[in-house]
Amino acid sequence: MTDTIQAINSPTLSQALAAFVNELLPGNAEWPSGATLGIQHPMLERLVAQNDENALLGLAQSLETIGAPFAGLDAKARATAVEEMETSEPNRFQWLRIAAYQAYYENPAIVALIDARGTPYKLRPHVQGYDQPKFDLATQTPKHGRGSWTRISDVKPVDISGLNLDTKITTKWGLQR
Amino acid sequence: MTAKDHTCDVLIIGSGATGSISALVLAQAGLDVVCLEQGNWIERKEYAHLNYDWAWQRQTNWNPDVNNRNHPDDYPVDSDSSQVLMWNGVGGSTNVYGAIWPRYRPSDFRKGDEHGLQPNWPITYEDIAPYYDRVDRLLGTSGLAGDPAQPAREPCPTGPLPFTKSAQRLSKAFDELGWHWWPAEAGVVSEDYDGRPACNGCGMCNGCPRGSMTIYAQSIWPKALKAGAKLQTHARVLRVETGPDGRATGAVWKNRITGAEERTRARVVIVAANGVGTPRLLLASDNLANSSDMVGRNLLHHTLVSAQIWVDEQVDGQVGYAASVISREFAETDVSRGFVNGFNFNCLTSAPSAGELTSGWLSGTKAPWGADHHNWFEGHFGHSIGLFAIGDDLPNPENRVYLDHDRTDEDGTPITKMHYEPGENDRRMMNYMLDRLQDVGQAAGAFDIKLQDYRDANGIYRTPAWHMIGTCRMGDDPETSVVNGWHQSWDVPNMFIMDGSVLATGGVVNPTPTISALALRAAEHIRDNFADLTNTTKTVAV
């Protein structure tokens, strides 16, 4: 039996992942936990779909490294274990995190719960859409009167000599500005 | 040796927005039109929209980035910077776009006169204004006429889409700032139009299988086929061929079903393969139409930064068409800002799915994991609004699409490479844009504002590049441009380039409306001058 097949067949992989997703998405009085919904199963399928079966082995090893399924660990120790993966394997952790969130929020039970809580939400919104009031021309047409545009005949040369685009280089830009 | 050899009047390479409009116009004129499309049709039921896991599919097999999906219709594009967003198939990238539908401004066509850091176009806004209106009528564009920040236009064929809660909130913020805003125009029908159902506000605006959004495969191609145009799918063009007189004779293409090479001869050839595919094909065709050395160069994406804000009010950003309002407050050049050119705010609703919102789809802000997750979700889902600032970037010949002749794809075509890096003016503009996005967020009363500059951990600007334009720009000088004002190649007088690559400047808007209007104008020029074009050996300036 290859390592990969052993990983696939191992009962501890799905158990370990279930424990892991319950740390990402624990349940409370209003929201079920990730594992309660079984989101570990589509996560495994998607991991294989995006990679190949060997990815299961890598995941099993990563989860084993942090001690999943966390038998005997208290809440603080479990969180510390998950943080360990977040730090040591950031790419894997972020994939798991996003895959968990996506699988959780596409679950029909969660979709129904969100909608029942008062936020319009549908499992497949494209099918029937959402009710929206039509644009009210009388009340919603802008009346601010702001805005202008330049006619071609009014396009005049601007003085760019003070910009120094060739010599004054912006090194801190974007969020670093 | 080719397996088959066909002849037609007009060969169109690429079946996206411009290829379909060209096919419609020319087939309606009675010409024998053949369009080669490397991809396939998409059936309505194939779209992600109809599945419960649509949000996951939008990030995987329906990801608009060719490098983040594994699709057999794609060709490899090796980008060292930008994300490469496109779709290869009937209808092209309109299968996955958002159909925000603003127009250029008159000054966009005269940047050469204004500051000289960009070329003038060989045509004016007034030249294409009637075609904007006609395209809108063809497509059922929705919106509200009367924007004082734009030249007058015909009433939109369908009225403005519902004014979402996000739009209402942002309009108040712009009012507080004293800035311009206007309901966004959309390539989406707000009422039943031409057999298409009105938008139902699902919010999943990356393509639209119900057809409320203008997907050219559904909106234009049926008309073109009815008029007699022939569309060959799975036909990847390998090279455009020319004769001893320098005229294009047609193209050799690979039938992706049989694997055989076939040849289609034509009197006029239209290349409509988008801002990456067109230069790729010309460069792979023995550097065709490139005496100017401008093919592939001056790649423009727009300067793009964004913000995600969260407000206490439940604005239900998951509901309604993706775009809400547009602000043209900063659209014109004002050098006192420290740069030339301007930008618009394209305001959105929000992520349509809870999974996308919590995964940081808009701004990278992810919901926390652990015990705080659900509290975060309750305070953030339905309370998020997205905003883009999109500006006119300056051309740089080193920003380009080019070929790596050391590596080839499965068809033997050199691998396409892409490089883009914002210049000094662009960087200054983006800094200014980010500050103004912050202003909007504060005026909207946001309790949290997250800005996004699309730079990775190494500082590389990895913009989600929907807009791949400028790589075969039009002009009035054969030494600095690839085509004239009718999209006619300076070097190959019976070959026309009919996609975003011809745009000489990017303006401050999503380009599909302009690309479509230009295609309608150029296709009618070909129609009206077809007899001359079948033997002309010289391209003249417009």
Side-chain angles (χ1 to χ4, degrees), chain A residues 23-26 28 30-31 42 46 50 79 82 97-98 101-106 108 110 114 119-121 123-137 140-142 144-152 155-160 162-163 165-166 168-170 173-175 177, chain B residues 49-50 52-53 55-56 105-107 110 113-115 124-125 144 147-151 159-163 175 180-182 200-204 210 316 318-320 328 332-333 335 338-340 353-355 358-359 367 369-371 373-374 381-382 424-425 427-428 430-431 434 451 453 455:
Chain A
E23 295 306 311
L24 299 180
L25 292 163
N28 63 24
E30 297 190 63
W31 298 90
R46 288 167 178 176
Q50 285 194 348
V82 174
R97 181 184 187 182
I98 290 171
Y101 289 177
Q102 293 272 11
Y104 187 82
Y105 287 107
E106 73 188 25
I110 295 300
I114 293 170
T119 305
Y121 199 49
L123 185 65
R124 298 187 302 157
H126 191 71
V127 177
Q128 294 191 328
Y130 293 108
D131 291 332
Q132 289 182 281
K134 288 191 172 185
F135 190 96
D136 184 340
L137 289 169
Q140 294 178 322
T141 297
H144 54 63
R146 294 187 294 271
S148 63
W149 54 278
T150 304
R151 296 177 185 280
I152 286 240
V155 173
K156 306 295 183 198
V158 296
D159 180 5
I160 61 171
L163 295 180
L165 290 170
D166 292 332
K168 192 175 175 184
I169 305 304
T170 301
W173 65 280
L175 300 184
R177 70 197 187 285
Chain B
H49 299 60
L50 303 177
Y52 73 92
D53 62 345
W56 178 259
R105 306 161 69 78
S107 60
R110 286 294 176 269
D113 292 342
E114 184 183 274
H115 52 64
T124 66
Y125 177 90
L144 181 67
D147 184 349
Q150 284 288 113
L161 289 159
F163 203 48
D175 282 341
H180 168 270
W181 64 270
W182 201 257
N200 68 2
C202 78
M204 302 163 63
R210 61 187 266 115
D316 290 335
Q318 73 281 9
V319 171
R328 298 183 164 100
E332 299 281 354
T333 289
V335 292
F339 54 87
V340 298
S353 88
T358 53
S359 298
W369 60 269
H373 180 90
H374 300 300
F381 185 63
E424 174 61 25
N425 194 74
R427 295 193 294 268
R428 292 186 194 182
M430 286 194 277
N431 280 353
L434 287 164
L451 301 177
D453 64 3
R455 300 182 73 188

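This is a predicted model, so every value here is computed, not measured. Below, chain A is the first sequence line, B the second, and so on; all start at residue 1.
- Here the straight-line distance linking atom CZ of R151(A) with atom OG1 of T124(B) works out to 13.0 Å at 0.5 Å rounding.
- Residues P108(A) and Y52(B) are not in side-chain contact: their nearest non-hydrogen atoms beyond the backbone lie 4.5 Å or more apart.
- To the nearest 0.5 Å, atoms CZ (R427(B)) and CD1 (I169(A)) are separated by 6.0 Å.
- Residues L161(B) and Q132(A) form no side-chain contact, since every pair of their non-hydrogen atoms from C-beta on lies 4.5 Å or further apart.
- Residue L144(B) holds its CG atom at 6.5 Å from CG of L137(A), rounded to the nearest 0.5 Å.
- Heavy-atom distances place both the backbone and the side chain of P120(A) under 4.5 Å from chain B.
- Looking only at heavy-atom pairs under 4.5 Å with chain A, the residue among M430(B), R428(B), E332(B) that has the most is R428(B).
- Taking the side chain to side chain donor-acceptor pair (under 3.5 Å) definition, one finds that Y105(A) meets it with H373(B), sequence neighbours left out.
- The contact between D159(A) and chain B is made entirely by backbone atoms, counting heavy-atom distances below 4.5 Å.
- Ring geometry for W31(A) versus H374(B): interplanar angle under 30°, hence parallel rather than tilted (30 to 60°).
- Interface residue Q150(B): only backbone heavy atoms are found under 4.5 Å from chain A.
- The two residues L434(B) and R177(A) have their closest heavy-atom pair at CB-CZ, 3.7 Å.
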Exercise. Going through the checks in order, is the side-chain contact (heavy atoms from CB on, under 4.5 Å) test met by H144(A) and D175(B)?
Worked result: CA-CA 8 Å; H144(A) 54 63; D175(B) 282 341; 4.2 Å; yes
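- Contacts with chain B were tallied for D166(A), D136(A), I160(A); I160(A) has the most, counting heavy-atom pairs under 4.5 Å.
- The closest side-chain heavy-atom distance from T333(B) to T150(A) is not below 4.5 Å.
- Interface check for chain A: of the options S107(B), G382(B), G370(B), G203(B), the most heavy-atom pairs under 4.5 Å are formed by G370(B).
- Both the backbone and the side chain of R210(B) have a heavy atom closer than 4.5 Å to some heavy atom of chain A.
- To the nearest 0.5 Å, atom CD of residue Q102(A) and atom CG of residue D53(B) are 9.5 Å apart.
- Only the side chain of R105(B) comes within less than 4.5 Å of a heavy atom in chain A; its backbone stays farther off.
- Under the side chain to side chain donor-acceptor pair (under 3.5 Å) criterion, Q128(A) pairs with no residue at all, not counting sequence neighbours.
- D316(B) touches chain A through its side chain: at least one heavy atom from C-beta onward sits under 4.5 Å away, while N, CA, C and O do not.
- N431(B) and G174(A) get closest at one heavy-atom pair: OD1-N, 2.7 Å.
- Highest contact tally toward chain A, considering only W182(B), W181(B), F163(B), is held by W181(B) [criterion: heavy-atom pairs under 4.5 Å].
- Interface remark: Y104(A) contributes side-chain atoms only to the contact with chain B (heavy atom separation under 4.5 Å).
- When each of H180(B), R110(B), M204(B) is scored by its heavy-atom pairs under 4.5 Å with chain A, the top score falls to H180(B).
- With rounding to the nearest 0.5 angstrom, the CD atom of Q318(B) is 7.5 Å from the OH atom of Y121(A).
- With chain A as partner, the option from H49(B), H115(B), R328(B) having the largest number of non-hydrogen pairs under 4.5 angstrom is H49(B).
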